[in-house]
Every structure is written in C-alpha cells, then in structure tokens.
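In what follows, a structure is listed as structure tokens, so that the remarks can point back to it.
None of the values given here were measured: they were computed from a predicted structure. A, B, ... follow the sequence lines: proteins, then strands. Residue 1 opens every chain.
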Amino acid sequence: MNKNVFFIVGPTASGKSELAADVTARCDAEIVSADAFQVYRGLPILTAQPDEATLRKVQHHLIGAVSPNEEMSAEKFRGLAVAAIGEINRRGKLALVVGGSGLYLKALTHGLAPLPAVDASLRAELNALSLEELNARLVAVDPSGAEKIDRRNKRRVVRALEIFAQTSAPASAQRREWEDEAADVRGVFVFRDRTELYARIDQRVAQMFRDGVAEEVAGIEDVSKTAEKALGLDQVRQMLDGKITSSECIAEMQQATRRYAKRQLTWFRRQTNFEALNLSLQKDHAAAVDWILQKVLSFAHPLND
RNA sequence: GGCUGGGUAGCUCAGUUGGUAGAGCAGAGGACUGAAAAUCCUCGUGUCGGGGGUUCAAUUCCCUCCCCAGCCA
C-alpha cells in the first residue's frame, strides 16, 4: 500500500477513538474506522461507536456505513477502506486508520488473494457436516494444505473446502503469503495495563445499559449472519426474552468483552509491528495525543526528503 | 452461652478407608489469510483455618482455639 496512511490500533475500550479524534483535529487528516462491527448502522450503543460530538469533531469514514442486514467480510472491508483512503488522499489529506479488528487491518495492510465472494448456501451446506466428514473431504482434495491448518477448528476446514469448491484448486495453493512487515506501513499500537483495561471494559458495558442498549437491540429486527455476532447481542436478546436477568446479562457481556480484548492484545503483539504506547504510563490524555501526533508528523513530513 | 453444619486454588466445591490433593468457573498464554466482537488450542502447589497429640507418616483420626452460617436460648 503506497498511500498516505497512518494506523492507530488497540484493544476495545483502550480509548483509541478519543485519541484518534484529537490527533486528527491537530493535523490535516480524516479517520477511517477498521472496526468490524461499528461499520453497521443502527447499533451505535452496542458496538460502542464514537459519540456524536466526536463524530462531528473530525471526518469519520466506515462508521455506520453498511446496513445491519448486510453480510460483511474482510475483503469487503478492504474494498471500502481502500476507496475511502484513496478519496481522502486525493483531497491531499492523511488517512488515519483506527480500529481493533485484526484481520480487517491485516487484509488492508497485507492484501488478500483474488477469490470469489463467499457463497452463503455453500457455506451453510458445509456447516451442516461433521468435523470428521469435513476433514475427510479436505484430506482427499488438498492433503498438504490439510496438514497446515488447524483441523480441529471447523471454520478453517470449511473455508478451505469453500475455496476448493469455488475455484477447483486447493486453498493452500492460492494463499498469498504475508510478508513479516510491509515496509511502508506505519502506526502505533495503544494499550493499557490489564487491570485498568478490564475496569474500563466493565464500566463501559454498565454504561451501555444506562444509555439504552436494551431498547436499541429491541428495535432492530433484521440482522445479517455476520452482524448478529456482535458482542452482547445474544445476551441482550436473552435478557429481553426474560431468560436471564439484567445483572447476569451485564456480567456475561463484561466477561465476553474482557476475553475479546485479551485476544486482540495477543493479535497486536504477535501479528503487527506497530510502535507500542502504554496509555497507563502516560501522564495524561494530552501527553498521549502529543506522542502520537509527533509520530504522525514525522511520518507525513520525513526530515530526509 | 448451647447445639448442628462448614472452614481445601482468586470463587464455588469434590476428595484422600492416614502416604502432603482435583473439578467447574475466574484468570493466563497461544493460534489466526474473505464469519474476526468470529473460531480454535494449551495451562491447576495451594501454610487443605491456627496450635498441640497419636503415628514411620496427619489435610485425613483425637484434643483445643479461632472464624463463618443456621437453629435453640
């Protein structure tokens, strides 16, 4: 990607949205969200979209950009993000990509092999089969590929079979290996000490209920297969159906969000090379904004040109 | 004050007919190439409430003390 882009990535509830908005306000930039669930319209509270004031402060892209009954995918996101970045750059501005969806970010920075779009009925057909049956089929069709993937993970096996069915060639042969580091990709990875991050998550989930998540979820009926995986959607629906109490609902959502944040931290530690910034060690919000801004400016205006 | 249960991992508890202990949950680490807020894998040493006694050996049996819950005064 040879575009004018800077990344701000981090786990949920780390405070990256506020940071990104404040950084953007001080340099000639616009924000492109890399969040797999904030892209959907109609669930601003549940998906913890930035508040109205933040959205108004600087230009945001890909927040509430697709209908909740639409299916999303990493490739679809990549297309939308590349278009948004191109448009921002054409206006002479820097695109600040901010988000926490690891695969979406990687699809954007490292690219994906050209493959046909997902076939929903094929996927449903494969999902109906047992893991044993799926594995047997994969071994028959792509023995070397079968050795490389996690065969206890049904998703992975199904995906490999989907690709074979759609292209008549093994998925492993079409995979485009990702380079360790894309040279022109620059950004920061913000995080916080674990106990502080978890406290912020717990607090934010509790706040969602005061803000009316229950009403928000009750008012939305048609959600796609991908959108319905939004953290908390299932729990809030169970609460609305009277199957669990509101405090059980809150506790379950807090726990699920904590586990999600942990997975994000693993991903960013292992899968990206961005410069790390521990916000727990920063003097205050302004200091963190200054730190990031300095990185952005040194990137946008290299001294050696 | 008396009686009855209990006090074992961060929490809820199991267990050892005496040979220093293990589940669930919480938590931690990891994987990840079009579902990614998804999906999948791995990880259990703790004065077994304190002190004393019996014993080759006590978390287990006995005595005593402390704490918690319930009931009776």
A:Thr54-A:Glu18 side chain donor-acceptor pair, cut-off 3.5 Å: no
Touch class at under 4.0 angstrom, heavy-atom based, for A:Pro114 against every strand present: base
P gap between B:A58 and B:G51, integer Å: 13 Å
Side-chain N,O (A:Arg270) to OP1/OP2 (B:G30) below 4.0 Å: yes
Distance test, side-chain N/O of A:Tyr260 to OP1/OP2 of B:U39, below 4.0 Å: no
Whole-Å gap separating P (B:G29) and CZ (A:Phe268): 16 Å
C1' gap between B:G18 and B:G53, integer Å: 15 Å
Touch class at under 4.0 angstrom, heavy-atom based, for A:Glu228 against every strand present: nothing
Spacing of A:Leu131 atom CG relative to B:C40 atom C1', expressed in whole Å: 10 Å
Residue whose closest nucleotide on RNA chain B lies nearer the 5' end, A:Arg269 versus A:Leu103: A:Arg269
Sugar-phosphate, base or nothing in reach of A:Phe77, heavy atoms under 4.0 Å: nothing
Stepwise side chain to side chain contact (heavy atoms under 4.5 Å, CB included) check, A:Arg78 with A:Tyr104: CA-CA 7 Å; A:Arg78 211 192 109 261; A:Tyr104 281 18; over 6 Å; no
Sugar-phosphate, base or nothing in reach of A:Gln255, heavy atoms under 4.0 Å: sugar-phosphate
Nearest-angstrom distance from the residue atom NE2 of A:His110 to P of B:G34: 15 Å
Sugar-phosphate only, base, or nothing, as touched by A:Thr12 at under 4.0 Å among non-hydrogen atoms: nothing
Base B:G29 paired with A:Lys262 side chain (donor-acceptor, <3.5 Å): yes
B:G24 to B:C32 separation - C1' atoms, rounded to the nearest Å: 28 Å
Euclidean distance, atom CG of residue A:Leu108 to atom P of B:G34 [Å, nearest integer]: 15 Å
Closest to the A:Leu112 side chain, choosing from B:G27, B:A37, B:U33: B:U33
Pairwise distance CD1(A:Ile201) to CZ(A:Arg258) - rounded to 0.5 angstrom: 7.5 Å
Separation of B:A36 C1' from A:Glu75 CD (nearest whole Å): 15 Å
N/O donor-acceptor pair, side chain A:Asn153 with base B:A31, under 3.5 angstrom: no
A:Val158, nearest nucleotide to its side chain (from B:A35, B:A37, B:A36): B:A35
Phosphate OP1/OP2 of B:G34 contacted by A:Arg159 side-chain N/O (<4.0 Å): yes
C1' gap between B:U64 and B:U54, integer Å: 15 Å
Spacing of A:Trp178 atom CH2 relative to B:A36 atom C1', expressed in whole Å: 11 Å
Audit row: A:Phe7, A:Phe274, ring-ring contact (aromatic ring centres under 6.0 Å, His included) steps and yes/no: CA-CA 8 Å; A:Phe7 290 83; A:Phe274 297 129; 5.6 Å; yes
N or O in side chain of A:Arg259 less than 4.0 angstrom from B:A26 OP1/OP2: yes
N or O in side chain of A:Arg194 less than 4.0 angstrom from B:G27 OP1/OP2: no
Distance, C1' atom - from B:A23 to B:G46, rounded to whole angstrom: 15 Å
Check: A:Thr257/A:Tyr198 side-chain N/O donor and acceptor closer than 3.5 Å: no
Side chain to side chain contact (heavy atoms under 4.5 Å, CB included) between A:Trp178 and A:Leu112, intermediate numbers included: CA-CA 9 Å; A:Trp178 282 340; A:Leu112 292 168; 4.2 Å; yes
Glycosidic conformation of B:G34, taking syn as within 90° of 0 and anti otherwise: syn
Touch class at under 4.0 angstrom, heavy-atom based, for A:Lys229 against every strand present: sugar-phosphate
Integer angstrom distance from the P of B:C66 to that of B:A28: 40 Å
N or O in side chain of A:Arg175 less than 4.0 angstrom from B:U33 OP1/OP2: yes
Between A:Ser280 and A:Glu196, a side-chain donor and acceptor under 3.5 Å: yes
Approximate separation, where rounding is to 0.5 Å, of A:Gln235 CD and A:Glu248 CD: 11.5 Å
side-chain N/O A:Arg156 vs B:U33 OP1/OP2, d < 4.0 Å: yes
Touch class at under 4.0 angstrom, heavy-atom based, for A:Asn127 against every strand present: base
Short side-chain N/O contact from A:Arg258 to OP1 or OP2 of B:G27, under 4.0 Å: yes
Pi stacking test for A:Trp267 and B:C32: under 5.5 Å apart, planes under 30°: no
Side-chain N or O of A:Thr266 closer than 4.0 Å to phosphate OP1/OP2 of B:G30: yes
Touch class at under 4.0 angstrom, heavy-atom based, for A:Gly232 against every strand present: nothing
Touch class at under 4.0 angstrom, heavy-atom based, for A:Leu46 against every strand present: base
A:Ala113 backbone acceptor or donor facing A:Arg176 side chain under 3.5 Å: no
Test item: side-chain donor near acceptor, A:Gln207 and A:Asp211, under 3.5 Å: yes
Whole-Å distance separating the OH atom of A:Tyr104 from the P atom of B:A37: 7 Å
Sugar-phosphate, base or nothing in reach of A:Ala256, heavy atoms under 4.0 Å: nothing
Between A:Asn69 and A:Ser67, a side-chain donor and acceptor under 3.5 Å: yes
Whole-Å P distance, B:U47 and B:C62: 24 Å
Of A:Ala230 and A:Asp150, the one whose closest RNA chain B nucleotide lies more 5': A:Ala230
Side chains of A:Asp234 and A:Gln238, donor plus acceptor under 3.5 Å: yes
Atom-pair distance (CZ on A:Arg176; C1' on B:U33), nearest Å: 10 Å
Short side-chain N/O contact to B:A35 OP1/OP2 from A:Arg123, under 4.0 Å: yes
Sugar-phosphate only, base, or nothing, as touched by A:Tyr40 at under 4.0 Å among non-hydrogen atoms: nothing
Whole-angstrom distance between B:A21 and B:C65, as gauged at atom P: 31 Å
Secondary-structure stems, RNA chain B, at least 3 Watson-Crick or G-U base pairs under 3.5 Å: B:1-7 with B:66-72, B:10-13 with B:22-25, B:27-31 with B:39-43, B:49-53 with B:61-65
